[in-house]
Amino acid sequence: MHLLLDTHVILWAATDPGRLSQDALHLIEAPENTLYFSAASIWEVVIKSGLDRPDFRVDAHLLRRGLIENGYAELPISSQHTLAVSHLPPLHKDPFDRLLVAQAEYEGFLLLTMDDMVARYPGPIRKI
């Protein structure tokens, strides 16, 4: 299964896996699953760490390198992904989360999230 991890799931998997549920750890560690991170998540980390958000205090360069070294595949942002955002209901205002939902839907990936608002979207989303 192709899994797209939302930004907080990526951050916790990389820096504090103890914060993840057993369900999340099982999905992330299952060898049959292919793990993806979105370029949007790296962008979000850059923006929010620059705003000195305490939950985004991580070097985005090291995060990206670590993800790739640990077998994650990078999902670039395409114009098809950005156009898919226009079809989403207005449930959530965060543009990064909306783009992740659109990417998962467009690619047919399962989006893993811990965000209650993101989990309200229809489509391939699983709250963990």
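Source: prediction; values computed, not measured.
Residues L20 and M114 form a side-chain contact, since some pair of their non-hydrogen atoms from C-beta on lies under 4.5 Å apart. Annotation: side chain of F109 is not in contact with side chain of L100 (no heavy-atom distance under 4.5 Å). At a threshold of 4.5 Å between non-hydrogen side-chain atoms, the residues L99 and V85 count as touching. Between V101 and L88 the shortest side-chain heavy-atom distance falls below 4.5 Å.
Rounding to the nearest 0.5 Å places CZ of F37 at 10.5 Å from CG of L4. Between the CD1 atom of I10 and the CD1 atom of I42 there is a distance of 6.0 Å, given to the nearest 0.5 Å. Here the straight-line distance linking atom CD1 of I128 with atom CD1 of I28 works out to 5.5 Å at 0.5 Å rounding. The distance from atom OG1 of T113 to atom CZ of R120, rounded to the nearest 0.5 Å, is 13.0 Å. With values rounded to the nearest 0.5 angstrom, R57 atom CZ is found 13.0 Å from T15 atom OG1. Here the straight-line distance linking atom CG of D6 with atom CG of L112 works out to 8.0 Å at 0.5 Å rounding.
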Does M117 form a side-chain contact (heavy atoms from CB on, under 4.5 Å) with D97? I'd like the steps, not just the answer.
CA-CA 9 Å; M117 290 298 293; D97 288 335; over 6 Å; no
Given D55 and L11, is the side-chain contact (heavy atoms from CB on, under 4.5 Å) satisfied, shown in steps?
CA-CA 9 Å; D55 51 339; L11 288 171; over 6 Å; no
Between T82 and I77, does a side-chain contact (heavy atoms from CB on, under 4.5 Å) hold up when you go through it step by step?
CA-CA 7 Å; T82 59; I77 300 168; 3.9 Å; yes
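Side-chain atoms of Y121 come within 3.5 Å of backbone N or O of H92 as a donor-acceptor pair. Not one N or O on the side chain of R98 forms a donor-acceptor pair closer than 3.5 Å with the backbone of S86. For the pair N33 (side chain) and L27 (backbone), a donor-acceptor distance under 3.5 Å is present. Without hydrogens or angle criteria, H81 side chain to S78 main chain gives a donor-acceptor distance under 3.5 Å.
Note: the hydrophobic cluster containing L67 also contains L5 (ILVMFWY, side chain heavy atoms under 4.5 Å, direct or indirect links). When the side chains of ILVMFWY residues are joined at heavy-atom separations under 4.5 Å, either directly or via intervening members, M1 and I125 end up in two distinct hydrophobic clusters. Linking Ile, Leu, Val, Met, Phe, Trp and Tyr residues whenever their side-chain heavy atoms come within less than 4.5 Å places V9 and I68 in a single cluster. Note: the hydrophobic cluster containing V46 does not contain V58 (ILVMFWY, side chain heavy atoms under 4.5 Å, direct or indirect links). Grouping the Ile, Leu, Val, Met, Phe, Trp and Tyr side chains by contacts below 4.5 angstrom, directly or via other members, places L91 apart from Y106.
Listed by first and then second residue, the ring-ring contact (aromatic ring centres under 6.0 Å, His included) pairs that reach into residues 41-60 are H8-F56, W43-F96, sequence neighbours excluded. Here salt bridge (charged side-chain N to carboxylate O under 4.0 Å, His left out) pairs that include residues 65-84, with residues two or more places apart or in two chains, are R64-E74.
A donor and an acceptor atom, one from each side chain of H2 and Y36, are located under 3.5 Å apart.
Closest of all the heavy-atom pairs between P76 and A39 is CA-CB, 4.3 Å. Nearest heavy-atom pair, A14 versus L63, reported as atom, atom and distance to 0.1 Å: CB-CD1, 3.7 Å.
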